Structures are given as C-alpha cells and as structure tokens.
Amino acid sequence: QGQLVESGGGLVQAGGSLRLSCAASGRTFIWYVMAWFRQAPGKEREFVAGITRTGDSTYYADSVKGRFTISRDNAKNTVSLQMNSLKLEDTAVYYCAASSDGIVFRIPGRYPFWGQGTQVTVSS
C-alpha cells in the first residue's frame, strides 16, 4: 500500500507564504495524478490544485489561482504546494491525494490515496 505524508503547515500572517510538501512512499506515484485539497471547519473538502503525471499541466481552484503553485518531482516522489499571499480564508487542513486516473478530477471521491493532512492557519 502507498502512503502519502504531508508537511510544511503552520501559522502564518495574512500576506505571508508557506510551502507544503507531500512525500510518497511504499508505491511509485510517478504514474499518478496528484492533487491538494483542503477542508475548513464545518465545510466540505474542496479541490485546491492538481497536476498531471508528467507535470506538464496544472489546475487550480479559482480562489487560489495566481497565488498558489503546485509542482512535482517524480525523481523524489514528492509533490509541493507553494502558497503565497495567504488570506484568512485559506485557513484549513490541507490534504495531499493521488489517483491513477489520467485526468485531474476536482472531486475528492476520485482519489483513493490520501495523506493525514497538515494544518494551515492564517492570522490577521
């Protein structure tokens, strides 16, 4: 079974930056679509960003477009999320997810592999 482990979360002031990382082990995820989702208290889990197997295409939620950047390093079996110009509404638990589908879906149910999540808190 594969395992995804997120890191890099924390507390940051509005306007600041954080970089999240997701390390994959136990399975080679280079052939998997990778994505980041987030879930705020009392809200449903939502798509943040996704990247194709080769990294040639990336997709973003409108709320983070222009501020967040997803990337992957298949040699290291990792995927990252650079988050800039953070806003209060970005506060959530962020999850890394993987799917063997060839398409970046924005639906959590299409991703069978998940990390445990990392908390991101943006303060004013």
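This one's a predicted model, so the numbers in the text were calculated from it and none came from an experiment. Nothing fancy with the numbering, it's 1 onward along the sequence. Values reported hereafter were calculated over all heavy atoms of this structure, with side chains retained and with hydrogens, waters and symmetry mates removed.
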Can you give me the closest heavy-atom contact between Gln39 and Lys43, atom names plus distance? NE2-O, 3.1 Å
Evaluation steps, side chain to side chain contact (heavy atoms under 4.5 Å, CB included), between Ser57 and Thr52: CA-CA 6 Å; Ser57 294; Thr52 53; 3.8 Å; yes
Interatomic distance, Asn77 atom CG to Arg72 atom CZ [nearest 0.5 angstrom]: 8.5 Å
Are Val12 and Leu81 grouped together when hydrophobic residues (ILVMFWY) are joined by side-chain heavy atoms under 4.5 angstrom apart? yes
For the CD1 atom of Ile51 and the OG atom of Ser80, what is their distance to the nearest 0.5 Å? 9.5 Å
With clusters defined by side-chain heavy atoms of hydrophobic residues (ILVMFWY) lying less than 4.5 Å apart, directly or transitively, does Val33 cluster with Ile103? yes
Of Tyr95, Tyr94, Tyr111, the residue whose pairing with Phe37 passes ring pair (Phe, Tyr, Trp, His ring centres under 6.0 Å): Tyr111
Using distance alone, with no hydrogens and no angle criterion, decide if Thr121 and Gln119 have a side-chain donor and acceptor under 3.5 Å apart. yes
Is there a path of hydrophobic side-chain contacts, each under 4.5 Å between heavy atoms, that joins Leu4 and Phe47? no
Taking atom CD of Glu89 as the centre, does the number of heavy atoms from other residues, nucleotides or ligands within less than 6.0 Å exceed 12? yes
Hydrophobic cluster membership, with links at side-chain heavy-atom distances under 4.5 Å among I/L/V/M/F/W/Y: are Val48 and Tyr59 in one? no
Distance col, row Arg45:CZ vs Arg38:CZ, nearest 0.5 angstrom, shows 13.0 Å
Atom OH in Tyr60, atom NZ in Lys65: separation rounded to 0.5 Å? 10.0 Å
Can you give me the closest heavy-atom contact between Ala92 and Ala40, atom names plus distance? CB-N, 3.8 Å
Straight-line distance of Ile70 CD1 to Gln82 CD, nearest 0.5 Å: 12.5 Å
What are the two closest non-hydrogen atoms of Asn84 and Ser17, and how far apart are they? OD1-OG, 2.9 Å
Distance check, rounded to the nearest 0.5 Å: Leu11 atom CG versus Ser123 atom OG? 4.5 Å
Could you go step by step and tell me if Leu88 and Ser124 meet the side chain to side chain contact (heavy atoms under 4.5 Å, CB included) rule? CA-CA 7 Å; Leu88 297 178; Ser124 58; 4.1 Å; yes
The single option from Leu20, Thr118, Val93 that satisfies side chain to side chain contact (heavy atoms under 4.5 Å, CB included) with Glu6 is Thr118
Any Lys/Arg nitrogen of Asp90 or Lys87 sitting under 4.0 Å from an Asp/Glu carboxylate oxygen of the other? no
Can you list the residues that meet the ring-ring contact (aromatic ring centres under 6.0 Å, His included) rule with Phe29, with sequence neighbours excluded? Tyr32, Phe113
Are Trp36 and Val79 side-chain neighbours, meaning at least one heavy-atom pair lies under 4.5 Å? yes
Answer yes or no: is there a donor N or O on one side and an acceptor on the other, between the side chain of Ser85 and the main chain of Arg67, under 3.5 Å? no
Linked, directly or transitively: Val122 and Leu18 (ILVMFWY side chains, under 4.5 Å): yes
